[in-house]
Amino acid sequence: MKIVCTKLKSIAKSAVMAVVAMLLISLVSFTGSGTVYFGYASRKVPIYSVETNEKKVALTFDAAWGSDKTTKIVDTLKEAGVGGTFFLVGFWIEQNADKVKYIDEAGLDIGTHSSTHPKMSTLSATAAENELSSSMKQITDITGKQVKYFRPPFGDYNDTLLSVADNLGLKTIQWDVDSLDWKGLSAEAILARVKQSVKNGSIILCHNNSDHILEALPLIISFLKSEGYQMVKISELVMDEGYYIDNNGLQKKK
């Protein structure tokens, strides 16, 4: 009898813990980064990709150094009738206000990539907020639009940074397809990396001034179209509400 009671207590305890775990998992942030719970510890996670049955992906371009290829990238996207998103660093914006306008007037999304491109996990909350708020203001002053998206430099983040971004109304956007274009890969090699990893809801990382982005972009667009993918802006891919983010950074409907 004693053994049976012990087993029943154990089962009851397991059931309670399971319910608590489910409640904790449901307590996520809806402003850009989910909170993933493991026992009593938690960590925030940005959006790496989106769960969707639709064949939609997002082409994204980080801009920090160099700008001479930016206009052509925008033109290529426009001519192909596809969307795109640019994440801009503050010092790049200062030197390229005309290109910021050009991106915006083409109907593309613009997010912040920080003000000075630091390793932001090393910053205090105050310093991180300054990095984001100052670059957001630069973009808004030029476009007249609210900034809603943020990509951390180097993909580097911690809970403090994600909390700061959340408080500023920013969704933190990573990627699940890395073109590695910044390494000087050929256009064909860049395309091969996209082919290898792309799926519904993918976020593809490129850079505005990588060596072969102008040759690679038409190949990427042609391939994605041939596979039935629609290339959209981040604002047309990520969900604004009613979602959570799992421990792999996949944004899912709640």
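Positions are given from 1, in the same order as the sequence printed here.
- Put simply, the side chain of Arg193 reaches to within 4.5 Å of the side chain of Leu185, judged on heavy atoms.
- Relative ring orientation between Phe86 and Phe61 is described as parallel, the plane-to-plane angle staying below 30° on a 0-90° scale split at 30° and 60°.
- Checked by atom type and distance alone, the side chain of Lys44 never pairs as donor or acceptor with a backbone atom of Tyr157 at under 3.5 Å.
- Residues Asn208 and Ile213 have side chains not in contact (no heavy-atom distance under 4.5 Å, counting atoms from C-beta outward).
- In this structure the side chain of Lys99 reaches within 4.5 angstrom of the side chain of Thr71, judged on heavy atoms.
- When all heavy atoms of Val89 and Ala64 are compared, the closest pair comes out as CG2-CB, 3.7 Å.
- Using a 4.5 Å heavy-atom threshold, the side chains of Ser114 and Met120 count as touching.
- With rounding to the nearest 0.5 angstrom, the CD1 atom of Ile245 is 9.0 Å from the NZ atom of Lys171.
- Val45 and Phe154 fall into different hydrophobic clusters, where Ile, Leu, Val, Met, Phe, Trp and Tyr are joined by side-chain heavy atoms under 4.5 Å apart, directly or via other members.
- For the residue pair Asp75 and Tyr102, a side-chain donor N or O sits within less than 3.5 Å of a side-chain acceptor on the partner.
- Distance CD1/Ile220 to SG/Cys206: 4.5 Å, rounded to 0.5 Å.
- Pairing each heavy atom of Ala106 with each of Val74, the nearest pair is CB-CG1, 3.5 Å.
- Partner of Leu108 under the side-chain contact (heavy atoms from CB on, under 4.5 Å) criterion, chosen from Ile234, Leu77, Leu59: Leu77.
- Put simply, the side chain of Asn130 does not reach to within 4.5 Å of the side chain of Ser115, judged on heavy atoms.
- For Lys56 (side chain) and Glu236 (main-chain N/O), a donor-acceptor pair under 3.5 Å exists by modelled atom type.
- The backbone N or O of Ile110 sits nowhere less than 3.5 Å from a side-chain atom of Thr85 that would complete a donor-acceptor pair.
- When all heavy atoms of Lys101 and Ile142 are compared, the closest pair comes out as CG-CG2, 3.4 Å.
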For Met231 and Lys225: C-alpha separation, side-chain torsions, deciding distance, then whether side chain to side chain contact (heavy atoms under 4.5 Å, CB included) applies. CA-CA 8 Å; Met231 284 149 276; Lys225 283 188 172 182; 3.6 Å; yes
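- Placement of Val238 and Leu250 in two distinct hydrophobic clusters is found when ILVMFWY residues are connected by side-chain heavy-atom separations under 4.5 Å, directly or transitively.
- Counting heavy atoms of neighbouring residues, nucleotides and ligands inside a 6.0 Å radius, atom NZ of Lys183 does not exceed 12 of them.
- At least one donor-acceptor pair under 3.5 Å links the side chain of Asn167 to the backbone N or O of Ser163.
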Under the side chain to side chain contact (heavy atoms under 4.5 Å, CB included) rule, what do Asn96 and Leu88 come out as? Steps first, then yes or no, please. CA-CA 10 Å; Asn96 297 283; Leu88 310 180; over 6 Å; no
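- The closest side-chain donor-acceptor pair between Asp181 and Ser210 falls under 3.5 angstrom.
- Between Thr112 and Phe87, the shortest heavy-atom contact is O-CD2, 3.7 Å.
- His207 places no side-chain N or O within 3.5 Å of a backbone atom of Asp62 that could act as its donor or acceptor partner.
- Residues Pro118 and Pro153 share a closest heavy-atom pair of O-CB, 3.4 Å.
- Between the side chain of Glu51 and the backbone N or O of Lys253, no donor-acceptor pair lies under 3.5 Å.
- Checked by atom type and distance alone, the side chain of Ser226 pairs as donor or acceptor with a backbone atom of Phe223 at under 3.5 Å.
- Shortest non-hydrogen contact noted between Thr140 and Lys145 is OG1-O, 2.9 Å.
- Look at Asp176 and Lys199 and you find a salt bridge, because one of the NZ, NE, NH1 or NH2 atoms lies within 4.0 Å of a carboxylate O, short of that distance.
- In this structure, the side chain of Ser135 engages the main chain of Leu132 through a donor-acceptor pair within 3.5 Å.
- Taking the side chain as every heavy atom from C-beta outward, Leu161 and Leu123 never approach each other to under 4.5 Å.
- We find the OG1-NZ distance between Thr76 and Lys69 to be 12.0 Å, quoted to the nearest 0.5 Å.
- Separating the OG atom in Ser49 from the CD atom in Gln174 is a distance of 11.5 Å, to the nearest 0.5 Å.
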Assess whether side chain to side chain contact (heavy atoms under 4.5 Å, CB included) is satisfied between Val198 and Val57, documenting all intermediate values. CA-CA 8 Å; Val198 72; Val57 299; 3.8 Å; yes
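- If you look at His117 and Trp65, their ring centroids are closer than 6.0 Å.
- A cation-pi arrangement is present between Lys55 and Tyr229, with the terminal nitrogen or guanidinium carbon under 6.0 Å from the aromatic centre and inside a 45° cone about the axis.
- Atom-to-atom distance recorded for Tyr48:OH and Leu205:CG is 11.5 Å, nearest 0.5 angstrom.
- In this structure a side-chain-to-backbone donor-acceptor pair under 3.5 Å is missing from Ser222 to Pro218.
- Summarising the geometry, atom CE belonging to Met136 is positioned 11.0 Å from atom CD1 belonging to Ile93; distances are rounded to the nearest 0.5 Å.
- Taking 4.5 Å as the limit, every side-chain heavy atom of Pro46 sits out of range of all side-chain heavy atoms of Arg151.
- A side-chain donor-acceptor contact under 3.5 Å links Asp246 to the backbone of Asn248.
- Lys119 is linked by a side-chain hydrogen bond (donor to acceptor under 3.5 Å, both in side chains) to nothing, counting only residues two or more places apart in sequence or in another chain.
- Side-chain atoms of Lys148 and Ser235, non-hydrogen and from C-beta on, never get closer than 4.5 Å to each other.
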